Amino acid sequence: MRYKIALIRGDGIGPEIVGETVKVIDKIGEKFGHTFEYVDVLMGGCATDAVGVSYPEGTAELCKACDAVLLGAVGGPKWGSDRPAAERPETALLAIRKDLGLYANLRPAALRPALAEACPLKRETAEKGIDLLVVRELTGGIYFGKRDKYQTEDRGLEATDLMAYSELEIERIGRRAFEMARLRRKKVSSVDKANVLETSRLWRTVMHRLAEEYSDVRYEDVLVDNCAMQLVRDPGQFDVVVTENMFGDILSDEASMITGSIGLLPSASMGDGAPALYEPIHGSAPDIAGQDKANPIAAILSAAMMFRYSFRLADEADAIEGAVDRALAEGWRTADIARPGESAVGTKRMGEAIRANI
Ligand code: NAD
């Protein structure tokens with residue numbers, strides 16, 4: 001098969017980690033007989049430097065003409081909040097998500113077996129394994145609702161943020177979660193606060209409807225406070241966790257912390273129709289940029305997600321994930337995951353070690 005991939009290399013360590021990821025994708029192409037065409041898309045601080053704006057005209061169209069988008073990271077102190085919005089890299093990130101209609105954010109949190117010691121939880125908990133996927137609604141809820149701040153007569157200033165969800169928004173993210181569960185261990189845990197919030201009661205009604213339709217997938221309701229607790233008590237019980245925007249923001253960070261380094265975790269953002277966008281969860285790490293120190297694993301595992309979810313090539317995705325695990329088991333470590341006394345290699349050497357295991 002032939003696939004076209006948009007590459008947003010971005011700023012800081014972005015170009016280094018995307019560079020290693022492209023070499024891994026090409027290696028998969030060689031092994032499984034696929035061809036990849038890459039379209040370089042200028043976005044972020046580097047675009048501001050080159051053409052004066054972080055999100056040049058035509059960026060979304062270039063991405064839409066591809067089968068998937070791979071993003072390194074954008075941003076850095078050079079393009080700070082003193083700059084006009086059009087020059088700031090964050091503006092570009094929000095714009096691309098909006099233009100591609102990316103309403104579902106997928107954040108897997110898997111403990112790599114060779115790094116079980118990096119898990120901050122009890123050894124017996126880590127030994128049971130952690131492999132869950134947080135499916136977070138990304139374009140609705142309280143972060144996008146009407147906000148207000150006003151003076152009251154007797155209570156000083158008062159502020160409000162409105163949380164609103166429609167059946168349409170809940171159903172499309174719910175479907176995404178059930179579809180993902182079918183590609184995994186077939187269990188969905190829907191997280192809400194239905195004992196208090198009206199939006200959560202609507203959320204639950206829609207999810208129950210979907211649970212009947214996807215009767216081959218096991219389903220449970222979990223209250224958000226209980227979910228936060230279960231994530232540190234027994235994360236192995238979760239497969240797909242689906243939730244609204246703010247709960248997902250908080251729980252996905254909690255889920256990533258229990259698996260160790262920020263340099264290891266991939267993510268995907270998806271909509272309907274347009275290509276999905278794959279990116280590591282970390283930022284552009286300006287402190288180590290250009291020094292061959294960045295861990296390329298989060299970016300490489302983002303490519304594995306691209307194979308699994310955009311190209312529907314599970315064997316190729318398994319091959320990448322397996323190669324990462326074998327390279328780690330052989331003892332290869334970048335500085336961020338090396339323990340005291342362990343020697344560390346650079347971005348390029350880690351990429352090479354992973355490719356050698358494909
Ligand atoms: P960061 O994730 O870039 O860095 C946090 C810490 O983790 C740093 O010490 C960094 O060196 C380390 N780190 C991050 N990725 C690593 C990797 N792959 N290997 C080894 N170490 C790694 O977060 P930050 O410092 O808060 O943000 C830096 C810039 O990135 C900011 O401009 C921010 O806006 C931007 N950012 C971009 C994205 C994105 O492009 N999606 C996401 C988050 C932050």
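Order of appearance sets the numbers: ligands from 1, and atoms from 1 within every ligand. As the structure is a computational prediction, the values presented were derived from the model and not from experiment. Quick note: residue numbers are just sequence positions, from 1.
In this structure, K193 does not pair ionically with E244, as no charged nitrogen and carboxylate oxygen lie closer than 4.0 Å.
Remark: R326 engages no residue in a salt bridge (charged side-chain N to carboxylate O under 4.0 Å, His left out) (not counting sequence neighbours).
The six-membered or imidazole ring of F307 lies near that of F36, with a centre-to-centre distance under 6.0 Å.
The backbone N or O of M207 sits nowhere less than 3.5 Å from a side-chain atom of S190 that would complete a donor-acceptor pair.
Residues of the protein with a heavy atom under 4.0 Å from ligand 1 are I13, A73, V74, G75, G76, E90, L93, I262, G263, E279, H282, G283, S284, A285, P286, D287, I288, A294, N295, D336, listed by chain and number.
The aromatic rings of H208 and Y219 sit perpendicular to each other, their planes meeting at more than 60°, with 30° as the lower class boundary.
A cation-pi arrangement is found for R172 relative to Y103, the charged atom lying closer than 6.0 Å to the ring centre and inside a 45° cone about the ring normal.
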